[in-house]
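The next block holds one structure in the form of C-alpha cells; read it before the comments.
Convention: sequence-line order gives letters A, B, ...; per-chain numbering from 1.
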There are 2 protein chains.
Amino acid sequence: MTVDAHLLRTFVAVARLGSFSAAAAELQYTQAAVSQQIAALEADLKVQLLRRRPVEPTEAGTRLLEHAVPILLRMDAARSDVIRMTAPPAARLIVAMTPLAAVISPALATLAQLRTRMPRLDVTVRAVSRAEAAEATARGDADLGLTDGLAAPSDPLPALAPLSAVGVAEAVVAVILPAGHPLAPRGSAGLQLSDLADARWIDAPGVAPELADLRRAAGTEGFRPAFRYAGTDVLTLLRLAAEGHGLTVAPFGTPLPTNLPGIAGVTAVPVSAPRLVHRVELIHGTLPAGSPAALFAAMLA
Amino acid sequence: MTVDAHLLRTFVAVARLGSFSAAAAELQYTQAAVSQQIAALEADLKVQLLRRRPVEPTEAGTRLLEHAVPILLRMDAARSDVIRMTAPPAARLIVAMTPLAAVISPALATLAQLRTRMPRLDVTVRAVSRAEAAEATARGDADLGLTDGLAAPSDPLPALAPLSAVGVAEAVVAVILPAGHPLAPRGSAGLQLSDLADARWIDAPGVAPELADLRRAAGTEGFRPAFRYAGTDVLTLLRLAAEGHGLTVAPFGTPLPTNLPGIAGVTAVPVSAPRLVHRVELIHGTLPAGSPAALFAAMLA
DNA sequence: GGACATTACGTGTTACGTAAAAATG
DNA sequence: CATTTTTACGTAACACGTAATGTCC
C-alpha cells in the first residue's frame with residue numbers, strides 16, 4: 001500500500017530537472033535505472049506520470065508531486081530529528097538564509113547578540129535559495145531556516161508539514177526602478193501593482209520573490225520574465241534592475257547601496273497591493289530545549 | 001537519505017500492537033522478517049527505537065512515530081489521490097463516521113437530502129473509530145470522514161497534512177451520569193470539569209472523546225480510566241455509564257434513549273470547561289468538482 | 001544524425017522464509 | 001518452561017549496470 005520512497009525521490013528529481021539523464025546524473029544512477037524506476041512507479045500507480053520529450057509531469061504527475069515533495073521533506077526531517085536525539089547537544093548553530101532575509105530581517109543583529117551571550121558558539125550562516133531553505137532545515141543540514149517571500153497579509157503561515165514557521169518581519173512590497181524610469185516620479189503617489197503587469201520583469205528565483213506570487217495576487221497572466229538571473233546575489237540583481245534589464249520587487253525598506261557604481265539612482269517605490277506583503281519567516285524542526293537554535297529562535301520572536 | 005517506507009510501516013505496526021509477532025500476523029510476514037526489518041531500521045538510524053519485553057518505543061522511537069504516522073497517511077493519500085484521477089467519476093459516496101458524529105451532527109439528515117437530489121447515488125456509511133476515520137479517508141476507502149472529539153474552542157482545525165478538515169458542529173461538553181448520582185443534582189449549577197478529575201472514568205477510545213484531552217484541558221493527571229470499553233457502540237457506552245462503571249463525556253444535546261432498559265435515568269450534565277468544546281469535523285482529500293462527495297461537503301458546510 | 005528514453009539481459013544484492021538458538025519473564 | 005525475539009542460512013526476487021534498440025527533434 002506504500003509507494004516506494006526511493007521511486008518518489010527520483011520522480012521528483014526527473015520532474016524538477018525535466019530530464020531522465022540529468023536526474024540520473026544528480027542521483028548517481030544510470031539513465032536506464034531512472035527510466036526503469038519511473039516505469040515501475042507508473043506501473044504501480046497505473047497512471048502515466050510524465051510526458052516525454054519534453055519531459056513534463058502529466059496532470060496525475062503534478063498531483064503526485066504535490067504529495068511527494070512534502071513526503072520526502074518529512075522523511076528527511078524524521079531521519080535528522082531522530083538521529084539528533086542521540087547526538088550530543090550541539091554547541092553549533094547553522095542558519096540557512098535567503099539573501100533578502102539576511103538583508104532586511106533583524107536576524108543578523110540578533111545573531112550578534114547571541115554570540116555575545118555564547119562567545120564560544122560555532123556559528124555558520126549558509127546562503128540558500130528559497131527552495132533550499134526548507135530542505136536544508138528538514139535534512140538537519142541547518143538548524144534554522146530564514147526565508148523571505150510574498151504572501152497575503154492574512155495568510156496563515158505555510159504548513160511545512162514537519163517544520164514550524166513563524167513570521168519575524170513584514171514589509172510593504174516595493175518595485176526597484178532604475179534612475180529616470182518613467183514610473184519613478186509617481187513615487188509615493190500609489191503605484192498600483194496591476195499597472196506593472198505588462199512591464200518587463202527579471203525572474204530571479206534565487207533572490208527575488210516569485211513572479212508567480214505577483215501573478216496570483218494581481219490575478220493576471222502578466223509579470224512575464226524578460227530576463228532570468230540564476231544567482232543568489234542581491235547586488236547583482238540590483239545592478240540588473242539599475243541597468244534596465246527589467247523590474248524586480250523587494251521589501252520596502254531594503255537598504256539600497258546607491259553609492260556603488262552601476263547601482264546609483266536606483267529607487268524602491270512602494271506598490272499598492274492590498275493583498276500582498278513581503279514576509280520573512282523563521283522555519284525550524286524540533287528545537288532541543290536550551291540549544292543555541294532554540295535560544296536564537298526565542299530571541300528573534 | 002530516505003528511510004524505507006516499508007520499514008516505517010512495520011515499525012508503526014509493531015509499536016501500535018506492542019508485539020513483533022502480532023505485527024507480523026497483521027502484515028502477513030513471519031516474525032523473523034519483522035525482527036529483521038526493525039533491526040534494519042535501527043541500524044539505518046543508528047538508534048534503538050524499541051525496548052523489547054515489553055515492546056514499547058524508546059524516546060527516539062516515539063519521535064519517529066510522530067513522523068511516521070503522518071508520512072504513511074500521506075503516502076496512502078498520494079496513492080489514492082493519483083489513482084482516483086484515472087478512475088471514472090464515482091456515482092458512489094462512502095462516508096466514514098465516528099459513532100457520536102453520526103448521532104449529533106446534521107450529517108445523516110444532509111445525506112438524506114443529498115439522496116433526494118441524487119436518487120440513484122450509491123451511498124455507504126461506514127462506522128469507524130476516531131483513529132480509523134482519517135486513515136480510511138486518506139486511503140480512499142472512504143470519500144469523506146466525519147469525526148468528533150474534544151478541542152479548545154479557539155483551536156485551529158488540526159492539520160492532517162494532506163487532508164482538509166472543516167468543523168461542522170460544536171457543542172458544550174457534558175458528563176453522562178447514572179440515575180441518582182450525587183453530582184446529578186448540581187445539574188445546571190455549573191459543574192466544573194476539574195471537580196471530576198478524581199472520579200472513575202470509562203476509557204472508550206472507539207466511541208467517547210479521549211480522556212487525554214480532558215487531562216490536557218484540566219491540566220491534571222486525573223481522569224484515570226477505571227474501565228475500558230473497546231467497542232464502538234454508543235448504546236453500550238451509555239449502558240456502562242448507567243450501570244455506574246464510570247463516567248464518560250458526550251456532547252451536550254446528545255439524544256439519550258432513556259426509555260431503554262438499563263439506560264433509564266441517565267442524564268447528561270453540561271460541564272463548565274472554558275477551554276473545551278466538542279466538535280464534529282468533516283475531513284476529506286481533494287474532492288473532484290461535481291462529485292457526490294464535493295456536493296455533500298458543500299451542503300454540510 | 002544526435003540526443004535522449006526504452007528494452008533486453010546478466011549479475012550481485014537484498015529481503016524474505018525456514019529453522020535453530022537465545023533470551024526473558 | 002513457555003513465549004517471544006534474534007540469528008543463521010538458503011533461496012528467490014529484484015534492482016541496478018551494461019549494452020543494444022528505439023524514438024523523437
Side-chain angles (χ1 to χ4, degrees), chain A residues 1-62 64-65 68 71-72 75 78-79, chain B residues 1-62 64-65 68 71-72 75 78-79:
Chain A
M1 220 48 160
T2 21
V3 269
D4 190 342
H6 211 65
L7 303 185
L8 281 189
R9 175 142 282 165
T10 82
F11 169 65
V12 170
V14 172
R16 173 167 44 83
L17 297 171
S19 153
F20 282 58
S21 1
E26 178 172 301
L27 299 173
Q28 310 259 54
Y29 284 118
T30 57
Q31 300 136 292
V34 170
S35 182
Q36 292 171 67
Q37 290 186 20
I38 298 299
L41 189 57
E42 290 183 328
D44 179 25
L45 298 176
K46 295 182 243 311
V47 194
Q48 184 173 17
L49 298 170
L50 294 168
R51 258 183 290 277
R52 324 291 151 109
R53 268 185 250 256
V55 172
E56 58 186 11
T58 62
E59 199 185 346
T62 306
L64 182 60
L65 275 177
I71 286 173
L72 293 174
M75 293 201 100
R79 150 166 263 125
Chain B
M1 222 46 160
T2 22
V3 270
D4 189 343
H6 210 65
L7 303 185
L8 281 190
R9 174 142 282 165
T10 82
F11 169 67
V12 169
V14 172
R16 173 166 45 83
L17 297 170
S19 154
F20 284 57
S21 0
E26 179 171 301
L27 300 172
Q28 310 259 54
Y29 286 118
T30 57
Q31 301 134 289
V34 170
S35 181
Q36 293 170 65
Q37 290 185 20
I38 298 298
L41 189 57
E42 290 183 329
D44 179 24
L45 298 176
K46 295 182 243 310
V47 194
Q48 185 174 17
L49 298 170
L50 295 168
R51 257 183 290 276
R52 324 290 150 109
R53 282 172 217 261
V55 172
E56 56 185 13
T58 62
E59 200 186 346
T62 306
L64 182 60
L65 276 178
I71 286 174
L72 293 173
M75 294 201 98
R79 151 166 261 125

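- Residue pairs meeting the salt bridge (Lys or Arg N to Asp or Glu O under 4.0 Å) criterion with at least one member in residues 30-42 of chain A, sequence neighbours excluded: A/E42-A/R52.
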Output a table of nitrogen or oxygen pairs between the protein and nucleotides 21-25 of chain D separated by less than 3.5 Å.
residue, atom, partner, partner atom, Å
D/dG22, N2, A/R53, NH2, 3.2
D/dT23, O2, A/R53, NH2, 3.3
D/dC25, OP1, A/R53, O, 3.4

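- Contact check, A/Y29 against D/dG17: no side-chain N or O comes under 4.0 Å of OP1 or OP2.
- When DNA chain C is scanned in the 5' to 3' direction for atoms under 4.0 Å from non-hydrogen atoms of chain B, the outermost contacting nucleotides are C/dC16 to C/dG25.
- The salt bridge (Lys or Arg N to Asp or Glu O under 4.0 Å) contacts involving residues 10-30 of chain B comprise B/R16-B/E26, where partners must be two or more places apart or lie in separate chains.
- Residues passing the side-chain contact (heavy atoms from CB on, under 4.5 Å) test with A/V12 are A/L65, A/A68, A/V69, A/L72, sequence neighbours excluded.
- Remark: A/H6 in residues 2-25 of chain A come within less than 4.0 Å of DNA chain D through at least one heavy atom.
- Residues that satisfy the side-chain contact (heavy atoms from CB on, under 4.5 Å) test with A/V47, not counting sequence neighbours, are A/L45, A/A60, B/V82, B/T86.
- Over its length, the helix from C/dG1-D/dC25 to C/dG25-D/dC1 turns its helix axis by 40°, as judged from the five terminal pairs at each end, rounded to 10°.
- Residues that satisfy the salt bridge (charged side-chain N to carboxylate O under 4.0 Å, His left out) test with A/E59, not counting sequence neighbours, are absent from this structure.
- Contacts of B/S21 classified as side-chain contact (heavy atoms from CB on, under 4.5 Å), with partners at least two apart in sequence or in another chain: B/S19, B/Q31.
- Applying the salt bridge (Lys or Arg N to Asp or Glu O under 4.0 Å) test to every pair with at least one member in residues 1-14 of chain A, sequence neighbours left out, gives these pairs: A/R9-A/D76.
- Within the structure, ring pair (Phe, Tyr, Trp, His ring centres under 6.0 Å) pairs that include any residue of residues 12-60 of chain A comprise A/H6-A/Y29 (at least two apart or interchain).
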